[in-house]
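Below, chain A is the first sequence line, B the second, and so on; all start at residue 1. These values consider heavy atoms only, across backbone and side chains, with no hydrogens, waters or symmetry-generated copies.
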Amino acid sequence: MAKAQPALPAPGPQMVIIENLHKRFDAVTAVDGVSLTVETGQVVVIVGPSGSGKSTVLRCINLLETPSAGNVWVDGMHVNANKTDLNAVRAEVGMVFQGFNLFPHLTALENVMLAQRLVRGRDKTEAKEIAFAQLMRVGIPEKADVYPRHLSGGQQQRVAIARSLAMNPRVMLFDEPTSALDPEVINEVLDVMLKLASEGMTMVVVTHEMGFARRAGNQLVMMDGGRIVEQGVPDEIFANPREERTRAFFAKILSH
Amino acid sequence: MATPMGNLMDPAAVPPADLGGKIRSWRDFPYWLLGIAAILGWIAYLVTTEERYENAWDRIIPGLRITIETTIYAFGIALVIGLIAGLGRISRNVVVKNLATFYIEVIRGVPILVLIITVAFVVVPYAAENFGFENNSVDPKWRAIIALALIYGAYLAEVFRAGIQSIPKGQTEAGRALGMTPGQTMRRIVLPQAVRNMTPAIGNDAIAMVKDTSLLSVLAVNEITQNSRKYVATSFDSRGTYPILFAVYLTLTVTLSLLLSWYRRRFGLDDNG
């Protein structure tokens, strides 16, 4: 697939603004002052060693974690303000988990329908139509009536993506979406993500897939120790990392 | 994701013996069930052929209806109490959590027999008076049902708590991330999976409650144990009476066990649909 987006889109409306974010878990500081802006239609890829706080940053965007300090805005909504309706924000923010987290007691189609009906208030016919269309979009309409445990990891993750897309989110968060997958099915998930990127979906992706970062990323963010070490255009950082930490990290993950 | 839930709580919650699973060799055959069938058949034979046993049977069996009715009402109420107290136990609200824990620990800390007489003769009369009823207006059967429901409500609360906590946190996160409320997430995602995991433990408590209805004889509720004791008090025929009582309980519990086992095969872990 060709590059999904021009490397640096003209600054447009800002979809996600993270301002001086801190998150502490008891004694551990997971995120230590992160600021990051995601333009509408941009794909931001966050990389870094485990424990660097990248997943926590992601989880603060839809408030699965409550920031200890700092501010997060999503499409103009101040996410961590007290008066903000949390469920309303979350309905606008899709999230894909490392462990898929499909609902095992529901079929693929029912997985994609549930929140549409409960949160978006769509009737059964409409929800079903949209669910089926989203399963088409991720390439597995034939698995609509299958329970998750009969699906491969790659198929489960694609259903999970369809489940988020059915809510018509304004931004999609991916938390290591391919880390739990067998190598041979990673690409079927990455292909779906590349397609979404090329359709202009705003995405924040935590991943170790540097190929994806190179092909779809507008911005690469390197984190370590709860802080952003380096950020910029993926190709430039790959070719010429400015920071020693970044260089060491790339050397580790690209050496084999 | 759905794990076999043998370890839901205490040893009492171990799933019932596997009745009638796939028999692959002579080792798998349930010989013990044959033994039980033999005992029951023998006692049935005695009842139909000897007057001594027939007389006892005629006096015991009218109580069967009360035994079964009491169990059904009390267990139904206990399930509701158990769900509420179980949710309370994992509530983040300190007051709710402590109230639920207080209730569960009090019930678990006192013998069932003592609870039954205390609820029937102390708690219910006080409650009745405070709601403006006569002291004796609640009949013994309902005192018994209330007592058993309160006791098993606490036991089931722990089953619900463990069942809910057995569902991976990612399930709740996925629901919440989609914009579902905590209540919607609990009702539509967590509970359906939890209840499926909990059926062995719930079934065990149902069987235990059938057996514990025998304690209601202390309240002069005319269930089968009370009927047996009343009959022995006039006939002095312990040996002709109690074997029948024994067989009736065994029939009830083994039937229930077989039903549960069938139910789990039909709807349980074998089928996530």
Considering all heavy atoms, the nearest B:Gln171-A:Pro104 contact: OE1-CD, 3.5 Å
Is it the case that more than 12 heavy atoms not belonging to B:Phe131 sit under 6.0 Å from its CZ atom? no
Hey, which residues of residues 47-57 of chain A are touching chain B, say heavy atoms under 4.5 Å apart? none
How close do B:Arg176 and A:Leu86 get, heavy atom to heavy atom, and via which atoms? NH2-CD2, 4.4 Å
Are there over 12 heavy-atom neighbours, none belonging to A:Arg120, within less than 6.0 Å of that residue's CZ? yes
Roughly how far, to the nearest 0.5 Å, is the CD1 atom of B:Ile167 from the CZ atom of A:Phe103? 12.0 Å
Compare every heavy atom of B:Ala177 with every heavy atom of A:Phe97, then report the nearest pair and how far apart it is. CZ-CB, 4.0 Å
Most heavy-atom pairs under 4.5 Å with chain B, out of A:Ala166, A:Ala115, A:Ala88, belong to A:Ala115
Just to be sure I understand the criterion: a residue of residues 63-83 of chain A counts if one of its heavy atoms is under 4.5 Å from a heavy atom of chain B. Which ones qualify? A:Leu64
Answer key: most heavy-atom pairs under 4.5 Å with chain B among A:Arg163, A:Met167, A:Met95, A:His150 is A:Arg163
Neighbour count >12 (heavy atoms, 6.0 Å) for atom OH, B:Tyr249: yes
Only pairs of heavy atoms separated by less than 4.5 Å count here; which of A:Leu118, A:Asp85, A:Leu173 has the most with chain B? A:Leu118
If we define contacts as heavy-atom pairs under 4.5 Å, which of A:Thr107, A:Val96, A:Val93, A:Leu114 has the most with chain B? A:Leu114
Within a reach of under 6.0 Å around CZ of B:Phe102, are more than 12 heavy atoms found that belong to other residues, nucleotides or ligands? no
Is it the case that atom NZ in A:Lys128 sees more than 12 heavy atoms from other parts of the structure closer than 6.0 Å? no
Atom CG in B:Leu178, atom CD in A:Gln116: separation rounded to 0.5 Å? 10.0 Å
Here the pair of heavy atoms bringing A:Asn87 nearest to B:Met180 is OD1-O, 3.5 Å
